[in-house]
Amino acid sequence: MKYPKLCPLTAAIVISGFSSFANAQLGQNLAVDIRSLSMGNAVTADPPGISAVHFNPAALAKIDGLQTDVQGILANFDIQREFSAPPGYNIFGYSDDPLVCNDGPEVSANICTDFKGTVHGDVEYASLYVPILKKMVDLGPGYPLVAPTAGIAYKPPGSKVTYATAVYAPLVAGFGAENGNPGNYMGQQVAVERITYLSPSFGYQVNDHLSLGASVGMSYNAIALKN
């Protein structure tokens, strides 16, 4: 009995048809490791260096001796947003929303008679919540969000155990705008943060093909919103 053979390209196309959709998250894993970020953080199987503390502590076993890592990441939240409504728009009876309609209170029609064109509600500046001050700080138009990271790992000579810890921000995002910005319905100022201050971790080399590891992340979390 003969079986049909598929060329590698055909097989890849068939397999990709059964794959699930990928989802992206704003601010997720932006300030952990630059090398990992350049690969879309697809590094769980083989994290580069000390960032294994976050992605896969078992990979710390690959580190020999003393290793330190200091990085700085700049995130520009220059997000552009557009709002528009087609003629006849009347979802839930809100066609006269001033965001998309020019009609004033003097117009008594049940549906908007003068729709605006495309309205821009761009993010005007990055925002950051400061724990000590307990308030959000605006970084000013055009200024990026700065997120420094640092880590240290050490494997004693002849040991199978690597010890490590790191300071990083697995979740950081913040943006804001002035009064009157059409995008303010999402929040005039928004800041979401998770900052890991201490992450005692270890990686143990069982053999050439197996490593074990664990990490305890001690983090600060904050969600701030101003309407």
**From L128 atom CG to Q189 atom CD, the distance as rounded to the nearest 0.5 Å** = 11.5 Å
**Request:** Locate the shortest heavy-atom distance separating K155 from A61; write the atom from each residue and the value.
**Result:** NZ-O, 2.6 Å
**Message:** Tell me whether Y154 at atom OH has more than 12 heavy atoms from other residues, nucleotides or ligands lying less than 6.0 Å away.
**Reply:** yes
**Request:** Evaluate the criterion side chain to side chain contact (heavy atoms under 4.5 Å, CB included) for residue pair L198 and T165; output intermediate values, then yes/no.
**Result:** CA-CA 6 Å; L198 187 65; T165 186; 3.5 Å; yes
**Message:** If you count every heavy atom of other residues, nucleotides or ligands that lies below 6.0 Å from I223 atom CD1, does the total exceed 12?
**Reply:** no
**Prompt:** Can you find a pair of side-chain heavy atoms, one from V172 and one from I195, that are under 4.5 Å apart?
**Reply:** no
**Hydrophobic cluster membership, L171 vs L225, 4.5 Å side-chain cutoff** = yes
**Request:** Please report the closest heavy-atom contact between S199 and V53, naming both atoms and the distance.
**Result:** OG-CG1, 3.3 Å
**Item:** Any side-chain heavy-atom pair of Y129 and K134 under 4.5 Å
**Value:** yes
**Message:** Classify the ring geometry of F115 against Y89: parallel below 30°, tilted from 30° to 60°, perpendicular beyond 60°.
**Reply:** perpendicular
**Complete:** What one should report as the nearest heavy-atom pair of G180 and N184 is N-ND2, 4.0 Å
**Item:** Shortest non-hydrogen contact between S127 and D138, atoms and distance
**Value:** OG-OD1, 3.3 Å
**Asked** Would Y220 end up clustered with L133 when hydrophobic side chains under 4.5 Å apart are linked, directly or stepwise?
**Response** no
**Prompt:** Does D103 reach the main-chain N or O of T113 with its side chain, forming a donor-acceptor pair under 3.5 Å?
**Reply:** yes
**Fill in**
Rounded to the nearest 0.5 angstrom, the CD-CZ distance for E124 and F175 is 12.0 Å
**Prompt:** What about M39 and V32, same hydrophobic cluster or not, with Ile/Leu/Val/Met/Phe/Trp/Tyr joined at side-chain heavy-atom distances under 4.5 Å?
**Reply:** yes
**Asked** Do any N or O atoms from the side chain of D122 and from the backbone of R81 form a donor-acceptor pair under 3.5 angstrom?
**Response** yes
**Asked** Mind checking whether L60 and S201 have side chains closer than 4.5 Å, heavy atoms only?
**Response** yes
**Verdict with supporting geometry, N56 and T44, side-chain hydrogen bond (donor to acceptor under 3.5 Å, both in side chains)** = CA-CA 6 Å; N56 184 358; T44 303; over 6 Å; no
**Asked** Counting only N and O atoms by type, is there a donor-acceptor contact under 3.5 Å from the side chain of Y125 to the main-chain atoms of A177?
**Response** yes
**Request:** Tell me, with the steps shown, if V146 and L74 meet side chain to side chain contact (heavy atoms under 4.5 Å, CB included).
**Result:** CA-CA 5 Å; V146 181; L74 301 178; 3.5 Å; yes
**Message:** Within the 4.5 Å heavy-atom criterion, are T196 and Y168 side-chain neighbours or not?
**Reply:** yes
**Message:** Minimum heavy-atom separation for G213 and P57, please, with both atom names.
**Reply:** C-CB, 3.8 Å
**Request:** Could you tell me the separation between the CG atom of L30 and the CG atom of L37, rounded to the nearest 0.5 Å?
**Result:** 6.0 Å
**Complete:** Rounding to 0.5 Å, atoms NZ (K160) and OG (S211) come to a distance of 10.0 Å
**Asked** Heavy-atom count around N110 CG within 6.0 Å, excluding the residue itself: above 12?
**Response** no
**Prompt:** How about D46 and K62: do any of their side-chain heavy atoms sit closer than 4.5 Å?
**Reply:** yes
**Request:** Write down the atom of S51, the atom of S36, and the distance for their closest heavy-atom approach.
**Result:** OG-OG, 3.7 Å
**Item:** Joint cluster assignment, Y143 & I73, ILVMFWY side-chain distance < 4.5 Å
**Value:** no
**Asked** Should the heavy atoms of other residues, nucleotides or ligands under 6.0 Å from OH of Y197 be counted, would the total exceed 12?
**Response** yes
**Request:** Consider only side-chain N and O atoms of Q71 and D33, and report whether a donor and an acceptor are under 3.5 Å apart.
**Result:** yes
**Stepwise side-chain hydrogen bond (donor to acceptor under 3.5 Å, both in side chains) test for N179 and Q188** = CA-CA 8 Å; N179 292 332; Q188 185 171 3; 2.8 Å; yes
**Item:** CD-OG1 distance between Q205 and T162, expressed to the nearest 0.5 angstrom
**Value:** 8.0 Å
**Prompt:** To the nearest 0.5 Å, what is the distance between CD1 (I152) and CD1 (I50)?
**Reply:** 7.0 Å
